[in-house]
A.B. asks: 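Sharing a structure here in structure tokens format.
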Amino acid sequence: MNLLNKATSYIPERMRNQIFVSSWSYFNVPLLFWVRPKIIELTGKRIEIMIPLNKRTKNHLNSLYFGVLSTGADCAGGLLAMKIAKESGQKVSLVFKDFHADFLRRAESDTHFVCEEGEKIENFVKKVLNSDERHNRTVNVSARCLNKSSNEWEDVAKFKLTLSMRRKC
């Protein structure tokens, strides 16, 4: 175990994940850093992140701006794939090839982005790592808000992102 891993092993995994996302986004995707996603859950099977509704993220109708909704979907789908690829110990090139969104209703509170396709993404990453070619796979992400009147979670958007990956040589 290297010194960095030993030093960080005392930090709870959720906090390590949050530090990773914050620092990585600060240097690589400043827009993601700006909206401040919070990791609720990140396992090999599922990811749930939350983006707060606040002055930075809302539009003129006091709902989450559609660009922020898209950023949350990108983060949820991409971060799960990054985690699985990182655990493999090999480096990959990861981008989204295309993006489809169905906006179902306004997101008028903090919004949770959920992707439950960890097993499919893990199999996809294995396929990518055993090949020298770029491969594509669709990843589904849903955005949910707590409905204030019924106190139940409701989908506000559904996303389909095509994850495109290639093993780095």
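Quick caveat, the model's predicted, so the values are computed rather than measured.
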A.B. asks: Atom NZ of residue position K160 - does it have more than 12 heavy atoms of other residues, nucleotides or ligands inside 6.0 Å?
C.D. replies: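 No.
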A.B. asks: Any donor and acceptor pair, going by atom type alone, linking the side chain of D74 with main-chain N or O of S70 inside 3.5 Å?
C.D. replies: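 Pair absent, no side-chain N/O of D74 close to backbone of S70.
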A.B. asks: Looking only at atom types and distance, does a side-chain atom of D102 sit under 3.5 Å from a main-chain N or O of A157, one as donor and one as acceptor?
C.D. replies: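 Not a single qualifying donor-acceptor pair exists.
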A.B. asks: Mind checking the SG-CD1 spacing from C75 to I51? Nearest 0.5 Å is all I need.
C.D. replies: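 So the gap between those two atoms works out to 6.5 Å.
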A.B. asks: Any chance you could measure L53, atom CG, to R106, atom CZ, to the nearest 0.5 Å?
C.D. replies: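 L53 CG to R106 CZ: 11.0 Å, rounded to 0.5 Å.
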A.B. asks: For residues F159 and F103, determine if any side-chain heavy atom of one lies less than 4.5 Å from a side-chain heavy atom of the other.
C.D. replies: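 Side chain of F159 against side chain of F103, heavy atoms only: contact under 4.5 Å found.
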A.B. asks: Mind checking the CH2-OG spacing from W153 to S142? Nearest 0.5 Å is all I need.
C.D. replies: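 Those atoms lie 11.0 Å apart.
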A.B. asks: Are R36 and F33 in a cation-pi setup, meaning NZ or CZ lies under 6.0 angstrom from the ring centre and within 45 degrees of the ring axis?
C.D. replies: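 Judged by the rule (NZ or CZ under 6.0 Å from the ring centre, within 45° of its axis), R36 counts as positioned above F33.
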A.B. asks: Taking T111 for its side chain and S109 for its backbone only, find out whether a donor-acceptor pair lies under 3.5 Å.
C.D. replies: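 The answer is yes, because a donor-acceptor pair under 3.5 Å joins these two groups.
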A.B. asks: Would a hydrophobic clustering, with Ile, Leu, Val, Met, Phe, Trp and Tyr connected at side-chain separations under 4.5 Å, put V35 with F99?
C.D. replies: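 Yes, same cluster.
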A.B. asks: For A81 versus L94, what's the shortest heavy-atom pair and its separation?
C.D. replies: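 In terms of heavy atoms, the two residues are closest at CB-CD1, 3.6 Å.
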A.B. asks: Is the shortest side-chain heavy-atom distance between I49 and K38 below 4.5 Å?
C.D. replies: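 Not in contact.
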A.B. asks: Side-chain heavy atoms under 4.5 angstrom apart, residues restricted to Ile, Leu, Val, Met, Phe, Trp, Tyr: same cluster for V139 and V29?
C.D. replies: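 Yes; tracing contacts between hydrophobic side chains, which count when under 4.5 Å, links both residues.
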A.B. asks: Do the side chains of V156 and L104 get nearer than 4.5 Å, heavy atoms only?
C.D. replies: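 A side-chain contact under 4.5 Å is absent here.
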A.B. asks: Using atom types as modelled and distance alone, determine if a side-chain donor or acceptor of R14 lies under 3.5 Å from a backbone N or O of I39.
C.D. replies: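 Yes.
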A.B. asks: Keeping R46 on the side-chain end and V114 on the backbone end, is there a donor-acceptor pair under 3.5 Å?
C.D. replies: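 Pair absent, no side-chain N/O of R46 close to backbone of V114.
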A.B. asks: Has R166 got a side-chain atom pairing as donor or acceptor with D132's backbone, closer than 3.5 angstrom?
C.D. replies: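 Yes: the side chain of R166 pairs with the backbone of D132.
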A.B. asks: Using every non-hydrogen atom in the two residues, find where V141 and A76 come nearest and quote the distance to one decimal.
C.D. replies: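 Looking at all heavy atoms of both residues, the closest pair is CG1-CB, 4.0 Å.
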A.B. asks: Taking C-beta and beyond as the side chain, do L161 and T138 meet within less than 4.5 Å on heavy atoms?
C.D. replies: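 No. Closest side-chain heavy atoms not under 4.5 Å.
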A.B. asks: Is any side-chain heavy atom of K158 closer than 4.5 Å to one of N140?
C.D. replies: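 Sidechains of K158 and N140: no contact.
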A.B. asks: Which residue, E48, E41, R144, forms the side-chain hydrogen bond (donor to acceptor under 3.5 Å, both in side chains) with H112?
C.D. replies: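 Option passing the side-chain hydrogen bond (donor to acceptor under 3.5 Å, both in side chains) with H112: E48.
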A.B. asks: V125 and A85: which non-hydrogen atoms are nearest, and at how many Å?
C.D. replies: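 That would be CG1-CA, 4.0 Å.
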A.B. asks: With side-chain contact (heavy atoms from CB on, under 4.5 Å) as the test, would you mind laying out the steps for R105 and C145 before giving the verdict?
C.D. replies: CA-CA 10 Å; R105 68 177 194 87; C145 286; 3.9 Å; yes
A.B. asks: Would you say E154 and N147 are linked by a side-chain donor-acceptor pair, where the criterion is simply a distance under 3.5 Å?
C.D. replies: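 Result is yes, a qualifying pair exists.
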A.B. asks: Under a 4.5 Å cut-off applied to non-hydrogen side-chain atoms, are T71 and L31 in contact?
C.D. replies: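 Yes. Closest side-chain heavy atoms under 4.5 Å.
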A.B. asks: Tell me the closest heavy-atom pair linking D110 and P52, and the distance in Å.
C.D. replies: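 Nearest pair, atom of D110 first, then P52: OD1-CA, 3.3 Å.
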A.B. asks: Do K58 and Y65 have side chains that approach each other closer than 4.5 Å (heavy atoms only, starting at C-beta)?
C.D. replies: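 Answer no - side chains too far apart.
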A.B. asks: Kindly work out whether a path of hydrophobic side-chain contacts (I/L/V/M/F/W/Y, heavy atoms less than 4.5 Å apart) joins F113 to M50.
C.D. replies: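 They do not share one cluster, since no chain of ILVMFWY contacts under 4.5 Å joins F113 to M50.
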A.B. asks: Step by step, work out the side-chain hydrogen bond (donor to acceptor under 3.5 Å, both in side chains) result for N136 and T162.
C.D. replies: CA-CA 6 Å; N136 301 311; T162 301; over 6 Å; no
A.B. asks: Inspect the contact between E119 and K45 and indicate whether a charged nitrogen and a carboxylate oxygen are less than 4.0 angstrom apart.
C.D. replies: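 Judged by the 4.0 Å cut-off on N to carboxylate O distance, K45 and E119 do form a salt bridge.
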A.B. asks: Nearest 0.5 Å, what's the CG-CG distance between L79 and N17?
C.D. replies: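 CG of N17 is found 7.0 Å from CG of L79.
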A.B. asks: Same cluster or not: W24 versus V21, using hydrophobic residues (I, L, V, M, F, W, Y) connected whenever any side-chain heavy atoms lie under 4.5 Å apart?
C.D. replies: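 Yes, W24 connects to V21 through the hydrophobic network.
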A.B. asks: Should we count CH2 of W34 as having more than 12 external heavy atoms under 6.0 Å?
C.D. replies: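 It does not: W34 CH2 has 12 such atoms or fewer within range.
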A.B. asks: Salt bridge (Lys or Arg N to Asp or Glu O under 4.0 Å), that's the test. Do K126 and E87 meet it? Break it down for me.
C.D. replies: CA-CA 11 Å; K126 287 178 184 174; E87 289 173 351; over 6 Å; no
A.B. asks: Say you draw a straight line from CZ of R137 to CD1 of I121; how long is it, rounded to the nearest 0.5 Å?
C.D. replies: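 Spacing of CZ (R137) from CD1 (I121) equals 7.0 Å.
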A.B. asks: Using the ring of F20 (Phe, Tyr or Trp, six-membered ring only), decide whether K86 places NZ or CZ under 6.0 Å from its centre and within 45 degrees of its axis.
C.D. replies: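 The answer is yes, since K86 meets both limits relative to F20.
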A.B. asks: In the single-linkage hydrophobic clustering (I, L, V, M, F, W, Y; side-chain heavy atoms under 4.5 Å), do L80 and I19 co-cluster?
C.D. replies: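 Different clusters: L80 never reaches I19 through Ile, Leu, Val, Met, Phe, Trp or Tyr contacts under 4.5 Å.
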A.B. asks: Only one of H135, K127, E133 clears side-chain hydrogen bond (donor to acceptor under 3.5 Å, both in side chains) with S131; which?
C.D. replies: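 The residue from H135, K127, E133 that satisfies side-chain hydrogen bond (donor to acceptor under 3.5 Å, both in side chains) with S131 turns out to be H135.
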A.B. asks: Ignoring hydrogens and geometry, is there a side-chain-to-backbone donor-acceptor pair from Q18 to P37 under 3.5 Å?
C.D. replies: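 Side chain of Q18 to backbone of P37, a donor-acceptor pair under 3.5 Å: yes, one is there.
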A.B. asks: Quick one: CD1 on I84 to NZ on K120, what's the gap to the nearest 0.5 Å?
C.D. replies: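 If we round to the nearest 0.5 Å, I84:CD1 and K120:NZ are 12.5 Å apart.
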A.B. asks: Using the side-chain hydrogen bond (donor to acceptor under 3.5 Å, both in side chains) rule, pick out the option among K168, R167, R134 that qualifies with S93.
C.D. replies: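 For S93, the side-chain hydrogen bond (donor to acceptor under 3.5 Å, both in side chains) check succeeds only for R134.
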A.B. asks: Ignoring hydrogens and angles, tell me if any N or O in the side chain of N59 forms a donor-acceptor pair with the backbone of N62 under 3.5 Å.
C.D. replies: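 Side chain of N59 to backbone of N62: a pair is present.
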